[in-house]
Amino acid sequence: MNKDKILSNSDVAEILYRMAVLSQFVGENAFVTRAYQKAARNIESLDSDIRQVAVNGRLRTIPGVGRAIAGTITEILKAGTCERYEEMKSAVPADIFRMLGVTGIGPKTVRLVHENLGITTLDELEKAAVGHRLQKLPGIGVKQEKKILRAIRRSKSMDRRIPLGVAIPIAEYVVEYLKRCPHAENVTVTGSLRRHRDTVGDIDLIASSSDPESVIAAFTTMPGVADVIGSGTTKASVILRGVQIDLRIVDRSSFGSLLQHFTGSKEHNIRLRELAIGKGMKLSEYGILDQTTGTLLPCGTEEEVYQRLGLPFIVPELREDRGEIEAAIAGTLPDLVTLADIRGDLHLHSTWSDGANTISELADAAIRMGYGYICVTDHSRSRGIAGGLNEEAIIEKMGEIERINESLDGFTVLAGSEVDIRSDGTLDYDDYVLEMLDIVIAAVHSGFSQDKRTMTSRIVRAIENEHVDILAHPTGRLIGERVGYEVDIDRVIAVAAETETAIEINASQSRLDLNDINARKASESGVMLAIGTDAHTLNHLHYMESGVHLARRAWLEPRDLLNTKSVADVLRWAG
DNA sequence: GCCGTTTTCGGCCCGACTGTTTTCAGTCG
């Protein structure tokens with residue numbers, strides 16, 4: 001790591017996560033690993049800047065940070081690394097993180113092949129498996145060697161995380177298929193997909209059945225299954241269209257317990273189990289065991305699980321151990337926004353630029369969705385490739401919007417634009433044009449390779465323009481395609497709070513930008529958020545649902561979002 | 001390595017599957 005780099009919370013967390021991995025390898029006990037992970041997670045979701053916390057001497061007020069880790073953090077902030085980290089790194093194979101990234105290969109296996117065969121990279125491990133050198137090692141046989149080889153080849157051909165646009169249709173296909181099995185009941189999506197994370201690692205499904213084996217058999221022989229990774233009497237995993245799908249089956253009486261368990265997150269469940277122990281209970285996917293009487297109480301519903309632990313129900317989107325359990329205990333869980341609270345869509349493209357539908361068609365669709373308004377935000381003049389409008393065209397477009405509004409009752413089309421932020425931070429229209437528009441969305445669409453400092457001041461300059469109402473897709477990421485430009489998002493959030501500029505939650509399944517953590521940070525900093533679908537065709541309007549789920553993961557309530565307000569209030573807000 | 005209205009030492013979430021060392025370790029979620 002560059003010594004001169006200013007470290008963020010996530011940089012520090014990243015090193016601690018790596019230390020957690022390395023600690024497993026150098027033979028520390030498992031609780032050391034957990035301690036590093038816990039500290040890393042709490043630093044990652046910390047509201048304040050870790051540098052400031054360190055300066056104030058308050059590192060040990062962070063949960064999971066004790067004397068040793070506080071010292072480690074201080075060292076990292078000063079030097080960009082720490083002695084213990086470097087020491088552990090030098091004792092392990094160079095390619096350790098890639099090897100451990102392969103499902104089925106853990107620290108014990110890596111250590112075994114390193115010590116016995118001198119293997120340091122994933123490619124060497126693959127070669128050793130091909131040359132049948134692994135099966136001679138203690139604890140590894142012919143089957144284990146084959147399994148490792150298959151896992152390596154699979155991981156090389158697979159993306160690590162899958163965008164929702166890919167995962168959701170696959171999940172729907174499998175659920176529909178299983179529902180047609182005569183013995184499958186309650187087929188339900190769980191895991192990170194049910195928590196509505198922006199990407200998922202695999203797809204987790206559960207079901208109940210009086211004949212689990214027939215359901216497992218149907219699952220593993222389902223059309224499209226490319227590989228069966230494992231198959232037991234209650235659980236199986238397959239690969240379908242390059243995605244791993246896990247199915248787990250239990251008795252109907254403990255369905256709620258199972259649903260809760262497999263929805264996760266793992267961290268949330270660990271906290272719940274710790275809480276259960278404190279109350280003399282033991283929580284598992286089968287139910288809650290009363291330690292004093294030794295009786296197991298299976299929970300038929302998820303609500304029952306939380307109720308028995310003395311907690312209000314916690315919705316799946318919040319189950320990340322980011323303070324939801326403390327809030328549940330204190331009775332301060334947020335009253336989260338729902339799709340029904342959304343009254344309009346503020347980011348749409350029409351045939352005036354690169355959209356597929358006319359303004360009237362967009363308005364009709366929005367009316368059918370129960371909205372009170374939309375804001376049509378076609379591209380500005382520099383986006384030639386996307387049909388960006390020059391000044392004359394945008395004024396003509398405003399005339400059309402006026403005519404459409406005259407024909408509508410109880411619904412309003414707002415005139416907006418998604419205006420390019422030029423590379424120097426100026427906007428793509430003169431102020432007199434911006435002033436005429438109801439809503440101005442500013443967005444970066446070019447010059448992605450600018451360095452962090454330049455990009456940050458470019459965006460800051462744009463949102464300091466008094467006509468800019470919303471900053472669109474603030475990091476520019478495209479899930480699975482590009483990571484986004486370098487930007488100091490904390491600085492952008494701070495300036496947005498000062499200038500009262502809203503920040504967009506772009507609901508497009510390939511963007512979902514801001515993400516949940518930053519959206520929550522922005523809201524806590526006093527920034528208004530606005531969910532926009534960035535729709536280019538009518539079916540994109542339904543991305544609003546993904547945007548709402550993201551907002552819920554960011555702990556947002558209706559009042560935190562611009563597009564839960566009436567059109568009059570939106571216009572008043574935009575000034 | 002962290003933590004404490006049971007504990008400053010002795011705990012730390014729970015269970016399934018797989019393969020192999022025939023009673024259990026490694027890995028995963």
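First the proteins, then the strands, lettered A, B, ... as listed; each starts at 1. This structure is a prediction, so every number in the text was calculated from the model and none was measured.
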Would you call A:Arg194-A:Glu302 a salt bridge at under 4.0 Å N-O?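 Salt bridge: yes.
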Is A:Arg477 paired with A:Asp513 through a side-chain N to carboxylate O contact shorter than 4.0 Å?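 A salt bridge is absent here (no side-chain N lies under 4.0 Å from a carboxylate O).
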So which pairs with a foot in [range] pass salt bridge (charged side-chain N to carboxylate O under 4.0 Å, His left out), sequence neighbours left out?
range: residues 170-190 of chain A; value: A:Glu185-A:Arg252
range: residues 100-110 of chain A; value: none
range: residues 277-292 of chain A; value: A:Arg248-A:Glu285
range: residues 51-73 of chain A; value: A:Asp49-A:Arg51

Which part of the nucleic acid does [X] contact within heavy-atom distance under 4.0 Å: base, sugar-phosphate only, or nothing?
X: A:Ser231; result: sugar-phosphate
X: A:Asn269; result: nothing
X: A:Arg67; result: sugar-phosphate
X: A:Thr233; result: sugar-phosphate
X: A:Gly66; result: sugar-phosphate

Using atom [atom1] of each nucleotide, how far apart are [N] and [M] to the nearest Å?
N: B:dT18; M: B:dT23; atom1: C1'; answer: 15 Å
N: B:dC17; M: B:dC12; atom1: P; answer: 24 Å
N: B:dT8; M: B:dG4; atom1: P; answer: 13 Å
N: B:dT6; M: B:dG11; atom1: C1'; answer: 12 Å
N: B:dC13; M: B:dC2; atom1: P; answer: 16 Å
N: B:dT21; M: B:dT27; atom1: P; answer: 15 Å
N: B:dA25; M: B:dT20; atom1: P; answer: 16 Å

Apply side chain to side chain donor-acceptor pair (under 3.5 Å) to A:Arg553 and list each qualifying residue two or more places apart in sequence or on a separate chain.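 So A:Arg553 forms a side chain to side chain donor-acceptor pair (under 3.5 Å) with A:Glu320, A:Asp516.
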Give the minimum heavy-atom separation between A:Ser284 and A:Ser257, together with the two atoms involved.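 Distance-wise, the nearest heavy atoms are O-CB, 4.1 Å.
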Can you give me the N/O atom pairs linking the protein to nucleotides 6-9 of chain B at distances under 3.5 Å, or say none if there are none?
none

Selection residues 130-139 of chain A - residue pairs positive for side chain to side chain donor-acceptor pair (under 3.5 Å), sequence neighbours left out: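 Checked against side chain to side chain donor-acceptor pair (under 3.5 Å) - neighbours excluded - the pairs reaching residues 130-139 of chain A are A:His132-A:Gln135, A:His132-A:Glu145, A:Gln135-A:Glu145.
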How many whole angstroms separate atom [atom1] of [X] from atom [atom2] of [N]?
X: A:Lys146; N: B:dT20; atom1: NZ; atom2: C1'; answer: 16 Å
X: A:Arg34; N: B:dG11; atom1: CZ; atom2: P; answer: 16 Å
X: A:Leu258; N: B:dC14; atom1: CG; atom2: P; answer: 17 Å
X: A:Ile62; N: B:dG1; atom1: CD1; atom2: P; answer: 17 Å
X: A:Lys136; N: B:dT20; atom1: NZ; atom2: P; answer: 14 Å
X: A:Lys279; N: B:dT5; atom1: NZ; atom2: P; answer: 14 Å
X: A:Ile249; N: B:dG15; atom1: CD1; atom2: C1'; answer: 17 Å
X: A:Leu275; N: B:dG4; atom1: CG; atom2: C1'; answer: 16 Å

Does the structure show a Watson-Crick or G-U wobble partner for B:dT8, both distances under 3.5 Å? Name it, or say none.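 Paired with no nucleotide.
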If you check the A:Ile270 side chain, which of B:dC13, B:dT20, B:dA16 turns out closest?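 Between B:dC13, B:dT20, B:dA16, the one nearest the side chain of A:Ile270 would be B:dC13.
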As a test of reading the structure: which of B:dA16, B:dG15, B:dG1 is closest to the side chain of A:Thr234, going by heavy atoms?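 Nearest to the side-chain atoms of A:Thr234, counting from C-beta on, is B:dA16.
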Ring pair (Phe, Tyr, Trp, His ring centres under 6.0 Å) contacts touching residues 23-42 of chain A (sequence neighbours left out):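 Sorted pair list comes back empty.
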Under the ring pair (Phe, Tyr, Trp, His ring centres under 6.0 Å) rule, what pairs show up with a residue in residues 195-224 of chain A, not counting sequence neighbours?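 Qualifying pairs, neighbours excluded: A:His196-A:His549.
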Toward the 5' end of DNA chain B, by each residue's nearest nucleotide, A:Arg248 or A:Lys143: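 Its nearest nucleotide being more 5', the pick is A:Arg248.
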5' priority, DNA chain B, between A:Ile69 and A:Lys282 [closest heavy atom]: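 The residue whose closest nucleotide sits nearer the 5' end is A:Ile69.
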What I'd like to find out is whether the side chain of A:Leu205 reaches to under 4.5 Å of the side chain of A:Phe262, using heavy atoms alone.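 Sidechains of A:Phe262 and A:Leu205: no contact.
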Would a 4.5 Å heavy-atom cut-off, applied to side chains only, mark A:Thr190 and A:Leu258 as touching?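 Result no, sub-4.5 Å side-chain heavy-atom pair not found.
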Starting at the 5' end of nucleotides 23-29 of chain B, put B wherever the base has a protein heavy atom under 4.0 Å, S where only the sugar-phosphate does, and a dash everywhere else. ---SSSB
Under the ring-ring contact (aromatic ring centres under 6.0 Å, His included) test, which residues partner A:Phe97, sequence neighbours left out?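 By the ring-ring contact (aromatic ring centres under 6.0 Å, His included) rule, A:Phe97 matches no residue at all.
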Of the residues in residues 301-319 of chain A, which ones touch DNA chain B at a heavy-atom distance under 4.0 Å?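 Those residues whose heavy atoms fall under 4.0 Å from DNA chain B, taken from residues 301-319 of chain A, amount to none.
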Phosphate OP1/OP2 of B:dC2 contacted by A:Tyr36 side-chain N/O (<4.0 Å):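 Result: no.
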